[in-house]
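Just so it is clear, the structure is predicted and the values come from calculations on it, not from any experiment. All ligand and atom numbering here is 1-based and tracks the order in the structure. Starting from 1, each residue takes its place in the sequence as its number.
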Amino acid sequence: MPLTNLFPLSLYNSKIILSNDEKKNLVDHIIQCKKKGENKRYKENTFAWTGDQEGYGEIHNQEIFKNLFENIKIKVIEYLDLLSIDHTQLDIYFQRSWATISEEKEFIGRHSHSQSHLSFAYYLKKNENDSKIIFWDTHKANEFIPELFDSPTIKNKKIIKKRDMLNSSHATIEPKEGDIIIFPSKTFHSTEKNKQNSQRISISADISFFARDHSFLEHMTPPFNSWKKF
Ligand SMILES: [Fe+2]
């Protein structure tokens with residue numbers, strides 16, 4: 001094929017297998033959080049319950065999630081290795097973390113995690129029919145005519161004969177239970193609408209990177225211990 005494809009978005013997709021007991025404990029715990037919470041933003045049958053917006057945004061510091069987050073660290077390091085990033089020069093922090101629960105037709109709208117560097121979704125409980133995750137390309141480097149990829153009328157006239165990665169603004173990924181997907185936090189994502197979810201539960205966190213030694217570096221955040229609070 002006489003096309004050279006440059007500059008990919010690489011999603012890391014791997015598995016973390018928990019014992020049935022651990023999985024059940026985490027599922028029960030997350031459901032209890034939803035029951036106990038005030039659920040200020042959550043409305044039935046529209047948006048999914050997202051723990052970070054309901055007062056449960058720091059699960060990485062809870063004992064019950066310790067084993068899972070230890071496993072996630074290993075996966076993040078593997079992702080960094082695959083991108084040839086020397087993580088020995090970096091301090092890495094989970095900064096925010098939460099669970100989501102999607103019941104029935106609930107969904108998570110398109111968003112990115114702009115205060116963070118790297119994010120992941122881990123599928124603690126998911127069956128085949130539950131919503132998949134959609135990743136959105138905001139650069140659309142191949143979109144040489146404005147709106148070529150997303151215009152409903154261009155779509156209706158079938159001007160694009162076959163959709164693939166060369167001519168799409170979004171891609172739907174089908175995770176299985178136990179899968180973890182790691183992606184740059186700036187990547188916009190959402191879940192499918194109009195799917196019948198049977199209590200789909202995912203866990204996410206935002207991860208930040210700091211330079212261990214900031215000397216001779218312009219473009220990474222210096223370590224906390226060199227900062228001065230107002
Ligand atoms: Fe998200």
Indicate the ring-plane relationship of F210 and F224, choosing parallel, tilted or perpendicular according to the 30° and 60° boundaries. tilted
Shell of protein N/O/S atoms around the Fe ion (ligand 1), taken as anything under 2.8 Å: H111 NE2, H113 NE2, H189 NE2
Name the orientation class of the two ring planes belonging to H113 and H111 (parallel below 30°, tilted from 30 to 60°, perpendicular beyond 60°). parallel
I59 backbone acceptor or donor facing S97 side chain under 3.5 Å: yes
Parallel, tilted or perpendicular: which describes the rings of W49 and Y56, with under 30° parallel and over 60° perpendicular? tilted
Can you find a pair of side-chain heavy atoms, one from I207 and one from F209, that are under 4.5 Å apart? yes
Answer yes or no: is there a side-chain heavy-atom contact under 4.5 Å between K132 and I173? no
